[in-house]
Amino acid sequence: MTEKKRLEELLSELGPLTDTKSREDYKSDFPNMGDSQDDNAQEVTQYETNLGKEKVLETRLQKVNIALEKIENGTYGKCLVGGEDIEEARLKVAPEVDTCVKHSG
Ligand SMILES: [Zn+2]
């Protein structure tokens with residue numbers, strides 16, 4: 001399974017895409033565990049946990065999508081400034097970077 005597919009699956013477990021045009025904006029469902037006060041308190045905690053997870057996953061998915069677009073355009077892994085190959089270790093940490101270490105910042 002691709003990283004994109006994996007992230008999309010994890011996100012859709014939390015809730016649906018907010019609209020079909022957006023590739024990476026999901027909305028966590030509010031959990032329903034029951035009607036007692038304890039249940040409601042647990043729901044809020046779970047919801048907050050899910051929102052945090054959602055944010056992390058969405059950010060990762062955005063980066064993956066950016067990298068995939070670059071692969072399609074043939075610009076993936078090339079420094080935008082000098083045109084040389086971007087260091088592999090750097091790409092592993094942040095696949096969306098578009099400059100080499102020397103030309104970053
Ligand atoms: Zn460079």
Side-chain angles (χ1 to χ4, degrees):
M1 195 190 308
T2 63
E3 175 76 353
K4 179 180 161 76
K5 197 100 201 95
R6 193 180 72 84
L7 291 169
E8 282 173 349
E9 239 163 63
L10 288 170
L11 276 163
S12 57
E13 276 168 21
L14 296 173
L17 264 173
T18 48
D19 73 76
T20 48
K21 267 172 283 172
S22 169
R23 293 179 309 184
E24 58 234 345
D25 191 11
Y26 287 77
K27 192 172 182 329
S28 293
D29 290 323
F30 194 85
N32 188 2
M33 297 170 181
D35 295 324
S36 77
Q37 224 170 6
D38 273 357
D39 290 336
N40 290 341
Q42 247 194 318
E43 286 166 9
V44 172
T45 310
Q46 183 64 51
Y47 184 58
E48 279 167 2
T49 309
N50 287 355
L51 285 183
K53 270 198 238 169
E54 183 198 316
K55 191 140 187 52
V56 171
L57 290 169
E58 279 179 358
T59 307
R60 288 226 297 261
L61 183 59
Q62 278 167 12
K63 291 181 177 180
V64 167
N65 280 332
I66 290 171
L68 287 174
E69 259 167 38
K70 285 184 183 168
I71 290 170
E72 233 168 81
N73 298 333
T75 55
Y76 179 75
K78 297 280 181 218
C79 173
L80 215 66
V81 181
E84 66 273 32
D85 290 339
I86 298 172
E87 296 78 5
E88 213 167 298
R90 181 165 161 78
L91 282 172
K92 227 173 234 169
V93 183
E96 78 286 5
V97 294
D98 42 25
T99 58
C100 66
V101 171
K102 203 173 58 174
H103 289 126
S104 67

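Order of appearance sets the numbers: ligands from 1, and atoms from 1 within every ligand.
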Which value, rounded to the nearest 0.5 Å, describes the distance between Lys70 atom NZ and Ile86 atom CD1?
6.5 Å

Do we see a donor-acceptor contact under 3.5 Å between the side chains of Glu69 and Asn65?
no

For Asp35, does the CG atom sit with more than 12 other heavy atoms under 6.0 Å from it, leaving out its own atoms?
no

For the Zn ion (ligand 1), the closest N/O/S atom belonging to His103
ND1

Looking at Glu3 and Arg6, does any basic side-chain N land under 4.0 Å from a carboxylate oxygen?
yes

Given atoms SG of Cys100 and SG of Cys79, what angle do they subtend at the Zn ion (ligand 1), to the nearest 10 degrees?
120°

Return the name of the atom in Glu84, of element N, O or S, nearest to the Zn ion (ligand 1).
OE2

